[in-house]
Chemist: 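Below you'll find the structure I mean.
Every chain is numbered from 1, with letters handed out A, B, ... down the list of sequences. Just so it is clear, the model here is predicted, and its values are computed rather than measured. Values reported hereafter were calculated over all heavy atoms of this structure, with side chains retained and with hydrogens, waters and symmetry mates removed.
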Amino acid sequence: MSDKLRRFFNEGTTDEITKRMLGTLLVYHSPKGLMSGYITEAEAYLGQKDSAAHAYQGKRTPSNEALYGVPGTIYIYSIHGRLCLDVAAQAKDVPEGILIRGIEPYQGIDLMKANRPKSGFELTNGPGKLMDALGIYDKEMNLIELGDTALDLDVDNVKFPKKIVESGRIGVSDRGTWTDKPYRFYVKGNPYVSKLPKREMDLKTYGWK
DNA sequence: TACACGATGGTCT
DNA sequence: GACCATCGTGTAA
């Protein structure tokens, strides 16, 4: 991992880092070619105290081990037969993480369409969908730091959201008081956001400054 | 556009 | 055997 990326993660709380991640460029050097996309939507999961998190009450198993890694460790997990992409956000052994839920395709769009023959914004507007579009079908990169494998995060060539919307996290079944806490963040108006009604899409600027 | 629901397969108990 | 940080299709309005 680059020093610059290390600094990106080493400052702030996990929800602050999650917001900072909106507009950064997720880069994947796939076997088929380069693909990338700007992060449009992400969720923070605050570790052992967070009843919606995989590491709630310090739960630690082989599959969620990556959450306990250094900041920027890739956490790939499967759910309902799909894969999702997470990144550890805090110091080693502090199991807080960020779920990447949407990207706006930038490079390699044709490759993504070949991987996932869906029209329009359905290409990458969900955590399982974007993994499908990138063509990541296994957990080979799990436990590795961003930048030390084919996946990287470019924090130099970024876009800036005009406004960030907060909401409850998607898909968490009832888990007490943390169920509805506003730890989902997305770029207001960007169409590559899950479950976004058409009327809330800003098709002129996609919500960027 | 909103909601309901079935398929799905890895992971844990 | 149950759970689940999902997705796609179906229905109705």
Chemist: Distance check needed: B:dG10 P versus A:Ile136 CD1, whole Å only.
Modeler: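 Those two atoms, CD1 and P, are 17 Å apart.
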
Chemist: Of the nucleotides B:dC12, C:dG8, C:dC7, which one has an atom closest to the side chain of A:Thr61?
Modeler: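 Selected nucleotide (nearest to the side chain): B:dC12.
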
Chemist: Is any side-chain nitrogen or oxygen of A:Ser63 closer than 4.0 Å to OP1 or OP2 of B:dT11?
Modeler: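 The answer is no; no side-chain N or O of A:Ser63 sits under 4.0 Å from OP1 or OP2.
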
Chemist: Would you kindly give the CG-to-P distance between A:Asp132 and C:dC7, to the nearest whole Å?
Modeler: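 Nearest whole value for this atom pair: 9 Å.
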
Chemist: Measure CZ/A:Arg60 against C1'/B:dT13 and give the value in whole Å, please.
Modeler: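 Whole-Å distance recorded here is 20 Å.
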
Chemist: Under 4.0 Å, counting only non-hydrogen atoms across every strand here, what does A:Ser194 touch: a base, just sugar-phosphate, or nothing?
Modeler: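 No contact.
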
Chemist: Answer yes when A:Asp15 and A:Arg184 have at least one side-chain N-carboxylate O distance shorter than 4.0 Å, and no when they do not.
Modeler: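 No salt bridge links A:Asp15 with A:Arg184.
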
Chemist: I'd like to know if A:Asp154 and A:Lys4 make a salt bridge, using a cut-off of under 4.0 Å between side-chain N and carboxylate O.
Modeler: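 No, this pair does not count.
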
Chemist: Looking across every strand, which nucleic acid part, if any, lies under 4.0 Å from A:Arg184 by heavy atom: base, sugar-phosphate, or nothing?
Modeler: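 Since no nucleic acid heavy atom lies under 4.0 Å of A:Arg184, the category is nothing.
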
Chemist: Between A:Glu41 and A:Lys195, is a salt bridge (charged side-chain N to carboxylate O under 4.0 Å, His left out) present by the stated rule, with each step listed?
Modeler: CA-CA 11 Å; A:Glu41 176 186 3; A:Lys195 295 182 159 57; over 6 Å; no

Chemist: Rounding to an integer number of Å, can you tell me how far A:Lys118 NZ sits from C:dG8 C1'?
Modeler: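 Rounding to the nearest Å, NZ of A:Lys118 and C1' of C:dG8 are 6 Å apart.
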
Chemist: Which nucleotide sits closest to the side chain of A:Ser173: C:dC4, B:dT11, C:dC7?
Modeler: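 For the A:Ser173 side chain, the nearest candidate turns out to be C:dC4.
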
Chemist: Do we count A:His80 as stacking onto B:dT8 if the rule is ring centres under 5.5 Å and planes under 30°?
Modeler: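 No, A:His80 does not stack on the base of B:dT8, since the centre distance and plane angle fail the 5.5 Å and 30° test.
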
Chemist: May I have the distance from A:Arg199 (atom CZ) to B:dA2 (atom P), rounded to whole angstrom?
Modeler: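 About 5 Å, once rounded to whole Å.
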
Chemist: How many Å lie between OH on A:Tyr137 and P on C:dC7, as a whole number?
Modeler: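 Whole-Å distance recorded here is 14 Å.
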
Chemist: Given atom NZ of A:Lys198 and atom P of B:dT1, what is their separation to the nearest angstrom?
Modeler: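 Computing the A:Lys198:NZ to B:dT1:P distance gives 7 Å.
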
Chemist: For C:dT6, take OP1 and OP2 only and decide whether either is under 4.0 Å from a side-chain N or O of A:Arg101.
Modeler: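 A:Arg101 to C:dT6 OP1/OP2: side-chain N or O found under 4.0 Å.
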
Chemist: Around atom CD of A:Glu140, are there more than 12 heavy atoms of other residues, nucleotides or ligands at under 6.0 Å?
Modeler: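 For A:Glu140, atom CD is not crowded (no more than 12 foreign heavy atoms under 6.0 Å).
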
Chemist: Could you state the CD1-P distance from A:Ile79 to B:dC12, rounded to the nearest angstrom?
Modeler: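 Result: 12 Å.
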
Chemist: Provide the Watson-Crick or G-U wobble partner of B:dT8, both distances under 3.5 Å; none if there is no partner.
Modeler: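 B:dT8 is unpaired by these criteria.
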
Chemist: Please confirm whether the ring centroid of A:Tyr106 lies under 6.0 Å from the ring centroid of A:Tyr38.
Modeler: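 Yes, the ring of A:Tyr106 comes within the 6.0 Å limit of the ring of A:Tyr38, centre to centre.
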
